[in-house]
Amino acid sequence: MFRTLLKIVLAAVIAFSSLTYANEKPKIAFLMKTLSNEYFIKMQEGAQKAAATMGVDLIIQVAEKEDSTEQLVALVENMIASKVAAIVVTPNDSTAFVPVFLRAEQAGIPIIDLDVELDKKAAATAGLTYYYVGVDNFDGGYKAAKYLVDTLKGVGKVAILEGIPGVDNGEQRKAGALKAFKEASGIEVVTIQTANWETEQALNVTTNILTAHPDITGIFAANDNMAFGAVTAIENAGLIGKVHITGYDGLPLAYQYVKEGKMLCTIDQLPSEQAAKAIEFALKRIKKEEIPTHHMNELVIVTKENAI
């Protein structure tokens, strides 16, 4: 009788423990390179909303600066050591994150590459299959630059403000812009300079460009923050309407500047949707479900005609 009762109690405890474990929310780490940029704030909001809908316990951690590569890699390593169910990370270097991605996968922790794609050759050399959610940055750079070319009627001198050199998203945007500019024989790219994604740097760089090239008629900025700095420099020089500026990210201020004519266009990457898709894919990988290795979200070119 006692043994029978003991078996019933033990079975109940095991069943309760199994049910509790099954009902636990999977812990997914969402690691970001910055929150000083509105683009990434939107990304965080999209991840939080998706996590709440999908029943995920979301752990959000952010590096101190957008170029704090060692710190962000360390955050990934900490999450591997903590044995979270999955990791989503926005890398700030296309090659430096390949080893830590490999360590996560070898530890049985699915990891999703969001926003900045890893270097394909470095990943292949390391034997890493990675899963990327983002956009076609080459296409976005091409579309913004082509709109600038069309506005200039194929004639003029232009400059490029690029992001952090060597980082995939910025390199792809620059490459797309160069393709559009090369297609127009009357367009001359007078300089390509980095402002490291930052507004203040872009203000100083653009001011110097205007001094060196006073006849410039267009600026392609690889993100909106740099475009904002360029706008201020153009305003200070009294050249609004004479020097056309394109941006990239679809930030609220960019929408406003496009409507006001201070910027020619921006590219909206719909970051909240990207983040939601990354959380969805992380959850699917936890459940051993198949996902594509590459998922490209749609891009929207925002001009005065559709900026609302």
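Every heavy atom of this structure was used, including side-chain atoms; hydrogens, water molecules and symmetry mates were not. Computed from a predicted model, the values in this text were never measured in an experiment.
Every ring-ring contact (aromatic ring centres under 6.0 Å, His included) that F228 has, sequence neighbours left out, goes to Y257.
Taking the charged nitrogens against the carboxylate oxygens, K179 and E183 do have a contact shorter than 4.0 Å, which makes a salt bridge. A salt bridge links K120 to E117: at least one charged side-chain nitrogen sits closer than 4.0 Å to a carboxylate oxygen. Of the charged side-chain nitrogens involved, at least one lies within less than 4.0 Å of a carboxylate oxygen, so that E280 and K284 count as a salt-bridged pair. E105 and R285 are joined by a salt bridge, as a carboxylate oxygen and a charged side-chain nitrogen come within less than 4.0 angstrom of each other.
Side-chain contact check for F30 versus L114: some heavy-atom pair is nearer than 4.5 Å. Considering only heavy atoms from C-beta on, I216 comes within 4.5 Å of L210 through its side chain. In this structure, the side chains of R173 and N223 come closer than 4.5 Å at one or more pairs of heavy atoms. Side-chain contact between V76 and F97: present, with at least one pair of heavy atoms (C-beta onward) separated by less than 4.5 Å. Inter-residue side-chain proximity for L251 and N37 is flagged as met; some heavy-atom pair is nearer than 4.5 Å. Counting only heavy atoms from C-beta outward, the side chains of L128 and L118 approach each other to under 4.5 Å. Proximity of T232 to T199: side-chain heavy atoms (C-beta onward) are nowhere separated by under 4.5 Å. Side-chain contact between P252 and K42 is present, with at least one heavy-atom pair separated by less than 4.5 Å.
Both F101 and M79 sit in one connected hydrophobic cluster of ILVMFWY residues. Membership requires side-chain heavy atoms under 4.5 Å apart, directly or through other members. If you chain together hydrophobic residues whose side chains sit under 4.5 Å apart, F220 and Y142 never meet in one group. By the criterion of side-chain heavy atoms lying less than 4.5 angstrom apart, applied directly or through intervening Ile, Leu, Val, Met, Phe, Trp or Tyr residues, F181 is grouped together with I301 in one hydrophobic cluster. Using a 4.5 Å cut-off between side-chain heavy atoms of Ile, Leu, Val, Met, Phe, Trp and Tyr, with links allowed through other members, I160 and L264 fall into the same hydrophobic cluster. The hydrophobic clustering, which links ILVMFWY residues whose side-chain heavy atoms are closer than 4.5 Å, places I267 and Y39 apart.
Between the side chain of N225 and the backbone N or O of N196, no donor-acceptor pair lies under 3.5 Å. Judged by distance alone, the side chain of D150 and the main-chain N or O of Y147 form no donor-acceptor pair under 3.5 Å. With E171 contributing its side chain and G166 its backbone, the two residues share a donor-acceptor pair below 3.5 Å. Although no hydrogens or angles enter the test, the distance criterion places a donor-acceptor pair under 3.5 Å between the side chain of D224 and the main chain of G250. Not a single donor-acceptor pair under 3.5 Å links the side chain of Q61 to the backbone N or O of L75. In this structure, the side chain of D115 does not engage the main chain of T90 through any donor-acceptor pair within 3.5 Å. Side-chain atoms of T217 come within 3.5 Å of backbone atoms of K157 as a donor-acceptor pair (strictly under, hydrogens ignored). Panel note: side chain T34, backbone S36; a donor-acceptor pair is recorded below 3.5 Å. The backbone N or O of D168 lies less than 3.5 Å from a partner atom in the side chain of S94, making a donor-acceptor pair. In this structure a side-chain-to-backbone donor-acceptor pair under 3.5 Å is missing from S272 to M43.
Of all non-hydrogen atoms in A50 and I279, the two that sit nearest each other are CB-CB, 4.2 Å. A pairwise comparison of heavy atoms in T266 and Y248 identifies OG1-N, 3.4 Å as the closest pair. Nearest heavy-atom pair across Q274 and V135 is NE2-CG1, 3.6 Å. Closest of all the heavy-atom pairs between P26 and I286 is CB-CD1, 4.1 Å. Nearest approach of I245 to A227, heavy atoms of both residues: CG2-CB, 4.0 Å. Across Y132 and V116, no two heavy atoms sit closer than the pair CE1-C, 3.8 Å.
Paired with H244 under the rule side-chain contact (heavy atoms from CB on, under 4.5 Å), one option of L148, V158, L239 passes, and it is L148.
Atom-to-atom distance recorded for M263:CE and Y255:OH is 11.0 Å, nearest 0.5 angstrom. N169 contributes atom CG, which lies 12.0 Å from atom CG of D136 (distance to the nearest 0.5 angstrom). Interatomic distance, NZ of K262 versus CD of Q256, reported as 7.0 Å (0.5 Å rounding). Separating the CD1 atom in I234 from the CD1 atom in I209 is a distance of 9.0 Å, to the nearest 0.5 Å. Of the inter-residue distances, the one linking L161 atom CG with I192 atom CD1 reads 10.5 Å to the nearest 0.5 angstrom. Taken to the nearest 0.5 Å, the CG atom of N204 stands 11.5 Å off from the CD atom of Q193.
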Walk me through whether Q269 and D249 qualify under side chain to side chain donor-acceptor pair (under 3.5 Å). CA-CA 6 Å; Q269 301 184 76; D249 279 341; 2.7 Å; yes

Passes side chain to side chain contact (heavy atoms under 4.5 Å, CB included), F281 versus E289? Steps please. CA-CA 9 Å; F281 280 2; E289 296 178 12; over 6 Å; no

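The environment of CD in E70 is sparse: at most 12 heavy-atom neighbours from other residues, nucleotides or ligands sit within 6.0 Å.
A side-chain donor from one of T95 and D93 sits under 3.5 Å from a side-chain acceptor of the other.
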